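I have placed the structure first, in the form of structure tokens, so that the comments after it can refer back to it.
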Amino acid sequence: APLLTQPTACASEIARVHGCLDRRKGALRLAEACGVRVYQQCLGLHPNGYTALVMARHGLFVVNVNDMYIGASLMMYGEWSEEELRVMQLNLEANSSIVDVG
């Protein structure tokens, strides 16, 4: 997955595509109808790519660029769910690794 160095430069594309996807759930050829290719080009992704690396507040993350919630938050703000992370940190030692699945 490529490292996104300036994902916020694509903020308007992200908002446009995510709004379109949200309004047109279940439509055929949804990615084409919502201009996902333009969004992928803005991010510098391969036309069939959907993951990217993002350097966020707490390290490097692999994100699904089509994720309207976690992926978008990590790309735009460099963080996601900071309150939950603070609770987890109460039980972690320095230099711990976390895998959040599901």
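Just so it is clear, the structure is predicted and the values come from calculations on it, not from any experiment.
- Under a 3.5 Å cut-off, the side chain of Tyr77 and the backbone N or O of Ala72 do not form any donor-acceptor pair.
- The two residues Tyr69 and Trp80 have their closest heavy-atom pair at O-CD1, 4.4 Å.
- Nearest heavy atoms, Asp67 versus Gly71: OD2-N, 3.0 Å.
- Listed by chain and residue number, nothing satisfies the side-chain contact (heavy atoms from CB on, under 4.5 Å) test with Ser12 (two or more places apart in sequence, or in another chain).
- For the atom pair CG of Leu43 and CE of Met75, the computed distance is 6.0 Å after rounding to the nearest 0.5 Å.
- Hydrophobic clustering keeps Val87 apart from Leu92 (ILVMFWY residues linked when any side-chain heavy atoms are closer than 4.5 Å, directly or through intermediates).
- Interatomic distance, Arg16 CZ to Cys10 SG, rounded to the nearest 0.5 Å: 11.0 Å.
- For the pair Ser73 (side chain) and Ile70 (backbone), a donor-acceptor distance under 3.5 Å is absent.
- Between Cys42 and Ala9, the closest heavy-atom pair is SG-O, 4.3 Å.
- Contact between Glu13 and Val38 at its shortest, heavy atoms only, is OE1-CG1, 3.5 Å.
- Counting heavy atoms of neighbouring residues, nucleotides and ligands inside a 6.0 Å radius, atom CZ of Phe61 exceeds 12 of them.
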What do the steps show when you test Leu53 against Leu4 for side-chain contact (heavy atoms from CB on, under 4.5 Å), and what is the final call? CA-CA 6 Å; Leu53 295 172; Leu4 298 183; over 6 Å; no

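- The side-chain contact (heavy atoms from CB on, under 4.5 Å) search around Glu82 returns Arg57, His58, Glu79, Leu85, Arg86, not counting sequence neighbours.
- Within the model, atoms OG1 of Thr51 and CG of Asn64 stand 7.5 Å from one another, a figure rounded to the nearest 0.5 Å.
- Rounding to the nearest 0.5 Å gives a distance of 11.0 Å between CG of Leu60 and CG of Leu74.
- A distance of 3.0 Å separates CE of Met76 from CD1 of Ile14, quoted to the nearest 0.5 Å.
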